[in-house]
Chemist: 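Please find one structure pasted underneath; my questions will follow.
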Amino acid sequence: MKFQNVKGTRDFYPEEMVRRNWLMGMWRKISRRHGFAEYDGPTFEYLELYTAKSGDGIVSELFNFEDRGGRQLALRPEMTPTLARMVAARANALPKPIKWFAVPNFFRAERPQRGRLREFLQWNVDIIGAAGEAETLADAECILVAVDFLRSAGFSPEQVEIRISSRALLAELLNCLGVENERHPATYTLLDKKEKQPDEVWQEELRRSGITPDQQQHLTQLAGARGAEAHRVIQNTLKTSTSPDGAAYAQLQQLFVYLRALGVADYCVFDLGVVRGLAYYTGVVFEAYSKGTLQRAICGGGRYANLLSAMGGGALSGVGFGMGDVIVLDQLAEMNLLPDSALSFDCYVAVEEQVDTVHLLKLVSLLRMKLGLACNYSYKSTSLKKQVAEAASQQVKYLLIMGTQLQLKNMQSGQQQLVAEHLDWSTAAAETELLSRLKQMLGNSPD
RNA sequence: GUGGGUGUAGCUCAAGUGGUUAGAGCACUAGGUUGUGGUCCUAGGGGUUGCGGGUUCGAGUCCCGUCAUCCACCCCA
């Protein structure tokens with residue numbers, strides 16, 4: 001019987017693990033420097049937690065099972081329900097705003113394809129409980145974190161952009177056009193599809209949507225309007241109403257003022273075509289869009305004003321985004337931005353023929369446990385040349401050569417120094433002497 | 001769930017229209033170059049050609065099924 005990994009899952013051999021750890025490290029570093037605290041929850045929850053948010057239809061999309069007590073459980077397909085549950089449990093005790101992030105693995109029973117697997121990692125960043133004016137600050141900070149990551153990973157504004165819009169603004173505009181509230185969700189879906197299908201198909205769907213020809217014409221102008229053009233279209237639309245609201249429009253303009261102040265405006269573009277598929281977004285919506293050969297969203301997020309209360313979490317508004325590792329790594333690879341994934345250790349001890357293995361082990365143990373260095377040596381007695389070659393293949397910074405003398409070689413500079421003329425393991429004092437000598441030489445060597 | 005492409009060594013690929021014992025490079029292992037940078041030389045291990053059936057004197061090659069994988073659709077938290 002030959003086994004293989006389950007469809008849609010990945011094995012992480014050391015080389016891939018280096019990349020994965022690099023990405024997770026970036027996510028954590030970026031999150032922390034913007035003042036976010038890491039949290040996590042269980043890998044599985046009660047099935048109802050997910051059906052409560054997304055309806056029974058979600059069940060076919062997730063891995064669910066029954067435990068021995070007959071309870072219906074499911075592997076987590078996303079973090080928001082868990083987050084809502086955790087926040088709800090301590091809603092009154094947690095200081096606001098709550099700025100949390102997580103880098104969990106998720107499971108979805110979907111058909112795998114490029115950029116989508118059945119188990120994947122996703123960076124989740126949320127700010128919950130910022131109210132009033134502070135909402136826009138939180139929106140800006142969320143987008144800032146996303147841009148900071150993309151820029152730090154090496155994406156240029158030519159390679160990726162953050163497309164930003166607002167559901168609240170769209171609602172305002174639809175009201176001006178006289179589209180009834182109950183038609184808003186369907187209209188959002190329509191707008192969302194504008195760029196994803198041929199124009200004739202979209203126009204056909206528009207005709208069948210049940211809104212008036214006049215409304216259809218305005219909607220065509222709105223959909224996909226970007227930057228200055230979007231502002232012009234909005235101003236024209238607001239004029240068509242006798243009592244325009246304009247609050248959401250003002251808020252969105254304020255958001256862009258903040259983004260300019262934060263220095264990330266070059267990555268951001270106002271784009272009315274961004275809607276996001278999720279029903280629960282109520283305010284700002286945004287996505288990072290890759291402009292590579294495979295054009296697609298790298299991350300997506302937005303403001304959800306009612307989600308937590310709908311899940312028993314109290315009247316707290318939140319804003320957040322998620323970024324999956326599969327697409328990010330895919331896009332980084334395409335743009336040649338992935339770091340070197342070779343193994344690397346701190347040092348390697350090579351021995352000449354006459355060296356006693358017991359002495360070798362004593363030195364290795366000093367390096368590993370007293371100096372805390374990641375250190376390797378060969379189990380076999382092979383030529384010095386092969387040991388040096390192996391050291392080089394492990395990308396070590398230092399090579400220690402043990403013979404009658406002990407020498408230290410800096411593998412980057414090629415410089416070699418004498419550590420000790422003779423190695424004396426007979427007394428504890430001699431060992432301490434050697435240790436401090438090594439500490440000094442390794443500590444002072446330039447990396 | 002629908003449609004399409006692809007399955008030969010760990011990886012990248014060979015093997016005229018069916019024809020002897022399925023090959024190469026890289027990687028891996030061992031030995032050598034008596035030793036300080038991924039070298040070079042030699043040797044070796046590794047394959048039921050995804051699996052099952054069929055056609056045939058004979059199938060990696062043709063046919064059917066199945067599984068896996070990739071791509072697109074659906075969906076996208």
Side-chain angles (χ1 to χ4, degrees), chain A residues 1-11 13 15 45 49-55 57-62 74-84 104 106-118 120 122 124 126 189 192-193 196-198 201 275-281 285 287 293-294 296-302 304 307 311 320-324 326-327 330 342-343 348-355 378-403 405 407-417:
Chain A
M1 187 69 190
K2 191 177 175 183
F3 294 106
Q4 64 178 75
N5 60 324
V6 174
K7 182 203 286 274
T9 65
R10 288 169 290 179
D11 294 324
Y13 287 87
E15 190 182 317
E45 297 266 11
L49 184 68
Y50 302 116
T51 53
K53 180 195 154 199
S54 308
I58 198 71
V59 176
S60 65
E61 311 260 292
L62 43 77
L75 296 181
R76 61 184 176 194
E78 60 164 323
M79 208 55 184
T80 309
T82 298
L83 175 64
F106 294 120
F107 307 85
R108 296 181 188 175
E110 290 177 307
R111 194 160 186 155
Q113 53 186 281
R114 185 172 176 189
R116 282 171 77 176
L117 297 171
R118 290 185 166 181
F120 58 95
Q122 187 175 282
N124 282 70
D126 289 273
T189 307
D192 193 41
K193 284 183 176 173
K196 295 170 184 167
Q197 53 192 208
V201 179
V275 180
R276 305 294 302 159
L278 278 174
Y280 61 68
Y281 287 129
V285 284
E287 59 193 25
T293 56
L294 184 76
R296 69 191 300 168
I298 294 177
C299 83
Y304 42 90
L307 183 61
M311 303 200 61
F321 71 86
M323 180 184 292
V326 185
I327 293 171
D330 181 87
L343 298 178
Y348 190 99
V349 181
V351 292
E352 291 176 21
E353 219 168 44
Q354 70 279 13
V355 172
S378 175
Y379 287 175
K380 300 165 298 205
S381 51
T382 57
S383 68
L384 189 55
K385 194 183 181 88
K386 287 205 170 163
Q387 294 179 71
V388 175
E390 186 168 81
S393 78
Q394 294 185 5
Q395 302 209 326
V396 300
K397 296 188 194 80
Y398 303 110
L399 175 69
L400 280 148
I401 302 163
M402 241 183 138
Q405 301 177 325
Q407 293 179 301
L408 174 70
K409 179 168 184 168
N410 182 319
M411 294 290 276
Q412 272 130 44
S413 66
Q415 285 174 349
Q416 193 162 318
Q417 302 167 268

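Just so we're on the same page: letters track the sequence lines, and every chain starts at 1. Just so we're clear, the structure is a prediction, and the values are computed from it rather than from any experiment.
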Chemist: Parallel, tilted or perpendicular: which one describes the rings of A/Phe106 and A/Phe120, with boundaries at 30° and 60°?
Modeler: tilted
Chemist: Does B/A72 have OP1 or OP2 under 4.0 Å away from a side-chain N or O of A/Gln113?
Modeler: yes
Chemist: If you look at every strand shown and take non-hydrogen atoms under 4.0 Å, does A/Gly414 touch a base, only sugar-phosphate, or nothing?
Modeler: base
Chemist: Rounded off to whole Å, could you give me the CG-to-C1' distance for the A/Leu117 and B/C70 pair?
Modeler: 12 Å
Chemist: Please give me the minimum heavy-atom distance between A/Gln412 and A/Val396, naming the atom from each residue.
Modeler: NE2-O, 4.5 Å
Chemist: In whole Å, what separates the P atom of B/U69 from that of B/U8?
Modeler: 14 Å
Chemist: Give me the distance, rounded to whole Å, that separates B/G5 from B/G65 when you measure between the P atoms they each carry.
Modeler: 13 Å
Chemist: What's A/Glu390 touching, base or sugar-phosphate or nothing? Going by heavy atoms closer than 4.0 Å.
Modeler: nothing
Chemist: Sticking with atom C1', work out how far B/U29 lies from B/A9, rounded to a whole angstrom.
Modeler: 15 Å
Chemist: Indicate, yes or no, whether a donor-acceptor pair under 3.5 Å links the base of B/G37 to the side chain of A/Lys409.
Modeler: yes
Chemist: From the list B/G32, B/G38, B/G35, which nucleotide is the closest neighbour of the side chain of A/Glu352?
Modeler: B/G35
Chemist: Using the P atom as the reference point in each nucleotide, state the distance between B/C26 and B/U21 in Å, no decimals.
Modeler: 28 Å
Chemist: Nearest whole Å is fine: how far is B/G7 P from A/Lys7 NZ?
Modeler: 18 Å
Chemist: Could you tell me how far B/U6 sits from B/G60 if I compare only their C1' atoms? Round to whole Å.
Modeler: 15 Å
Chemist: Hey, does the side-chain of A/Glu353 have a donor or acceptor N/O within less than 3.5 Å of a partner on the base of B/U34?
Modeler: no
Chemist: So does A/Lys385 get a side-chain nitrogen or oxygen closer than 4.0 Å to the phosphate oxygens (OP1/OP2) of B/G37?
Modeler: yes
Chemist: Which whole-number value in Å describes the distance from A/Phe106 CZ to B/C76 P?
Modeler: 17 Å
Chemist: Given atom CD of A/Gln394 and atom P of B/G37, what is their separation to the nearest angstrom?
Modeler: 17 Å
Chemist: Roughly how many Å is it from CG in A/Leu384 to P in B/G32, rounded to a whole number?
Modeler: 15 Å
Chemist: Round to the nearest Å and state the distance from A/Tyr50 atom OH to B/C76 atom P.
Modeler: 18 Å
Chemist: Looking at A/Glu390 and A/Ser378, what are the two nearest heavy atoms and their distance?
Modeler: OE1-CB, 4.3 Å
Chemist: Suppose you measure atom C1' in B/A27 against the same atom in B/G46; what distance do you get, rounded to whole Å?
Modeler: 12 Å
Chemist: Specify the separation, in whole Å, of atom CZ of A/Arg114 and atom P of B/A72.
Modeler: 7 Å
Chemist: Distance check: side-chain N/O of A/Lys380 vs OP1/OP2 of B/A30, anything under 4.0 Å?
Modeler: yes
Chemist: Using a 4.0 Å heavy-atom cut-off across all strands, classify A/Met79 as base, sugar-phosphate, or nothing.
Modeler: nothing
Chemist: Donor-acceptor pair, distance only, cut-off 3.5 Å: does the side chain of A/Gln387 make one with the backbone of A/Val351?
Modeler: yes
Chemist: Which whole number of Å gives the distance between the C1' atom of B/G31 and that of B/C13?
Modeler: 29 Å
Chemist: For the residue pair A/Val326 and A/Arg116, establish whether any side-chain heavy-atom pair is separated by less than 4.5 Å.
Modeler: no
Chemist: What about A/Arg111: does its side chain form a donor-acceptor pair under 3.5 Å with the base of B/U69?
Modeler: no
Chemist: Could you state the CD-P distance from A/Gln122 to B/C76, rounded to the nearest angstrom?
Modeler: 15 Å
Chemist: Would you measure the distance from the C1' atom in B/A24 across to the matching atom in B/A59 and give it in whole Å?
Modeler: 23 Å
